[in-house]
Amino acid sequence: MTKPTLPQGTRDFGPEVVRKRNYILNTIKNVFELYGFQPLETPAMENLDTLMGKYGEEGDKLIFKILNNGLDNKEKEKQIKEDFEKVLQGKNVKGITERALKYDLTIPLARFVAMNHNTLTFPFKRYQIQPVWRADRPQKGRYREFYQCDADVVGSNSLLNELELANIYAEVFTRLGLKGFEIKINHRKLVTALAELCGGAEKMNDIAIAIDKLDKVGLEKVKEELSGKGLDSKRISIVESYLNISGGNEDKISALKKLFGDNETAHKGIEELEWLKDSLLTAHYLPLTIDPTLARGLNYYTGIIFEVKPPAAVKMGSIGGGGRYDDLTGLFGVPNIPGVGISFGVDRIYDVMEELNLFPANLQFSTQVLFFNLGEKESKKAFELMQQLRHNGIRCELYHEAVKFDKQFKYAENKNIPFVVIIGEKEMQSQTCNIKTLATGKQEIIPFSALLNYNFGEK
RNA sequence: GUGGCUGUAGCUCAGUCGGUUAGAGCAUCAGAUUGUGGUUCUGAGGGUCGUGGGUUCGAGUCCCAUUAGCCACCCCA
């Protein structure tokens, strides 16, 4: 028998970890509900067609494909071999694979809306908390199976949605006790406009990917990459002046206005950023920074885009991201339904909170009372009393076998159980139980009948 | 997909220049203690040294391959 292992990039979550993760998930969920979002769940797998081509060329490579069943069918052997030849050439063939694990929650939402738009009430505000899978090579803060928590508003062009979503980010991270996070925003139209100034829309993606790396690799490397993509020095200097925009949000707005002049596309983008920035002035703590270098890889975004950076002290990629897409369901044959959404990366938020020690201590509650097992008659009595306590909402356990005190105490200790109830021969005779508080060593003898009213503390 | 680092007991790790029977701490189990835990003391179990091959009289140690993990790139939550 060989030792079992986990598939690369996946993890088991033990009891303590699950409690901590649930703390994050519940916080997010509560805020989503508070803002009027409704839950949605979609299958782990989608038809491959639904996913392919939605995440860019790189994204397609990272989709986990599921092998069809029945490939060993002798009657279809010839066809299957032909199909497999095509797979070897990098194609996707239905005969070999027609399903895949979902890659994010936005495309499944689009698919759902496209299928159900006749019955949905718009704007459709949904949240979704589910695992997604990416065939990426794992590293720090990157897993092959991880949870996304998305909130999207589908069917509304109003910027009020962006305003709400920005507030959801602030609310969640504030509730989690995370200080020093930063919500970066930008507008896809600015990136489009920049591409227009630099030789056309087909360079849009190259430019987006390159400028997005600015804070990571520095200006020189970005320029090198752009030059590698075929931009001449004049165009690169335009990009450079765009990247050099700095200062406060006000400064950046005026610099952008100056740079783009009367460019129609950029004008619209700047206007929206400005609206959002001004609307936020009256809100609670909301560290919103306009960052022209923010571009985001997923190419369905068309409007304002978001990204949340963890506190600078933590070396970790973004812990949330999102943006507006004008026509997502158009890909599925239902045009003119706009949407805007955000996503929380729970696994990264977990890692950040662990690193900064932000989890409250009281998440790890367990059993409150352990009944010792001191024999056949004794354990029956203990069981009876225990059930009464359970009925009153006290979390109890009866030790599973009659063994030495030593072991039963150690069990209580290891599981952090604050009280033990000892019912042995002596107690049976006197119809009492001996309650010991482990932390203090204090013991109290009370009648069986008084146990129900004993105060075992909170929770 | 590309590159770097690491795999020795359940966990964290030593292991010299290639040399006899591979060690420690923690954890586990047993005893000191048949109704009182945490501290202490004594003892025990536990290993295909990731896997396969090679060099050598001899390999945990050197070489090659492979696999897994971590980290970085690409890309992203």
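Labels below follow one simple rule: chain letters A, B, ... track the order of the sequence lines, proteins then strands, and each chain is numbered from 1. Note that the structure is predicted; figures quoted are calculated from it, not measured.
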Review item, nucleotides 28-33 of chain B N/O atoms under 3.5 Å of protein N/O:
| unit_1 | atom_1 | unit_2 | atom_2 | d |
| --- | --- | --- | --- | --- |
| B/G31 | OP2 | A/K404 | NZ | 3.0 |

Whole-Å distance between B/G35 C1' and A/K436 NZ?
-> 11 Å
Dot-bracket pairing map - RNA chain B, Watson-Crick plus G-U, both contacts under 3.5 Å, | cross-strand = (((((((..((((.....[...)))).(((((.......))))).....(((((..]....))))))))))))....
On a whole-Å scale, what distance lies between the C1' atoms belonging to B/A77 and B/G3?
-> 24 Å
For nucleotides B/C17 and B/C63, find the distance between their P atoms and express it as a whole number of Å.
-> 14 Å
Spacing between A/Y399 atom OH and B/G37 atom C1', to the nearest angstrom | 12 Å
Grab the CG-P distance between A/L62 and B/C75 for me, whole Å please.
-> 11 Å
Rounded distance in Å - CG (A/L294) to P (B/C76) = 11 Å
Protein heavy-atom contacts under 4.0 Å, written 5' to 3' over nucleotides 67-73 of chain B as B (base), S (sugar-phosphate only) or - (none), form the string --S-SBB
Can a donor-acceptor pair under 3.5 Å be found between the side-chain atoms of A/Q443 and the base atoms of B/U36?
-> yes
Which value, in whole Å, describes the distance between the C1' atoms of nucleotides B/U56 and B/G43?
-> 41 Å
How is A/G320 classified with respect to the nucleic acid when contacts are heavy atoms under 4.0 Å: base, sugar-phosphate, or nothing?
-> sugar-phosphate
Measure the distance from CE on A/M316 to C1' on B/A77 and round it to the nearest whole Å.
-> 10 Å
Which part of the nucleic acid, if any, lies within reach of A/S318 when heavy atoms closer than 4.0 Å are counted: base, sugar-phosphate only, or nothing?
-> sugar-phosphate
NA contact type, A/E427, heavy-atom cut-off 4.0 Å: base, sugar-phosphate, or nothing?
-> base
State which residue, out of A/D150, A/L40, A/D152, A/I129, fulfils the side-chain contact (heavy atoms from CB on, under 4.5 Å) condition with A/L105.
-> A/D150
Let me know the distance between CG of A/N416 and C1' of B/G37, rounded to the nearest Å.
-> 13 Å
Write down the distance separating the P atoms in B/G7 and B/C62, rounded off to the nearest Å.
-> 10 Å
Do A/R11 and A/Y143 meet the cation-pi criteria used here (NZ or CZ under 6.0 Å from the six-membered ring centre, within 45° of the axis)?
-> yes
Checking all strands, does A/I349 fall into the base, sugar-phosphate, or nothing category for heavy-atom contacts under 4.0 angstrom?
-> nothing
Check: A/F173 ring centre within less than 6.0 Å of A/F344 ring centre = yes
What pairs with A/T10 under side-chain contact (heavy atoms from CB on, under 4.5 Å), at least two apart in sequence or on another chain?
-> A/L6, A/P7, A/E145
From the options A/L190, A/N249, A/L288, select the one residue that forms a side-chain contact (heavy atoms from CB on, under 4.5 Å) with A/L273.
-> A/L190
Do we see A/F405 stacking on the base of B/G37, given a limit of 5.5 Å between centres and 30° between planes?
-> no
Which part of the nucleic acid, if any, lies within contact of A/E413, taking any heavy atom under 4.0 Å across all strands shown: a base, the sugar-phosphate backbone alone, or nothing?
-> base
Give a yes or no on whether the ring-centroid distance for A/Y103 and A/F64 is below 6.0 angstrom.
-> no
For A/F371, check ring pair (Phe, Tyr, Trp, His ring centres under 6.0 Å) against everything at least two apart and list the hits.
-> none
Kindly determine whether A/R137 and A/Q139 satisfy side chain to side chain donor-acceptor pair (under 3.5 Å), including the steps that lead there.
-> CA-CA 7 Å; A/R137 190 168 288 201; A/Q139 63 186 62; over 6 Å; no
Considering residues, nucleotides and ligands other than A/F84, do more than 12 of their heavy atoms fall under 6.0 Å from its CZ?
-> no
Pairing residues for A/E85 by the salt bridge (Lys or Arg N to Asp or Glu O under 4.0 Å) criterion, not counting sequence neighbours = none
How about A/Y454 and A/F456: are their ring centres within less than 6.0 Å of each other?
-> yes
Between B/G37, B/A77, B/C75, spot the one nearest the side chain of A/E58, thanks.
-> B/C75
Span that lies between the C1' atom of B/U66 and that of B/G31, in whole angstrom | 47 Å
Rounded P spacing from B/G58 to B/C26 in Å = 39 Å
Contacts of A/V308 and A/G424 projected onto RNA chain B by closest heavy atom; the upstream (5') one is A/G424
Between B/G35, B/G37, B/C75, which nucleotide has the shortest distance from any of its atoms to the side chain of A/L438?
-> B/G37
Are A/F32 and A/Y127 close enough that their ring centres sit under 6.0 Å apart?
-> yes
To the nearest angstrom, how far is A/I445 atom CD1 from B/G35 atom C1'?
-> 12 Å
Return the 5'-most residue of the pair A/E225, A/K426 with respect to RNA chain B, ranking by each residue's nearest nucleotide.
-> A/K426
Whole-Å distance, A/W133 CH2 to B/A77 P, equals 17 Å
P gap between B/C71 and B/G52, integer Å | 28 Å
May I ask you to say what A/G317 touches in the nucleic acid, namely base, sugar-phosphate or nothing, with a heavy-atom cut-off under 4.0 Å?
-> nothing
Considering only atom C1', compute the distance from B/U51 to B/U8 and round it to an integer number of Å.
-> 14 Å
Looking at every strand, decide which applies to A/A402 at a 4.0 Å heavy-atom threshold: base, sugar-phosphate, or nothing.
-> nothing
Considering residues, nucleotides and ligands other than A/E41, do more than 12 of their heavy atoms fall under 6.0 Å from its CD?
-> no
Looking at A/Y147, does the NZ or CZ of A/R21 lie under 6.0 angstrom from its six-membered ring centre and within 45 degrees of the ring axis?
-> yes
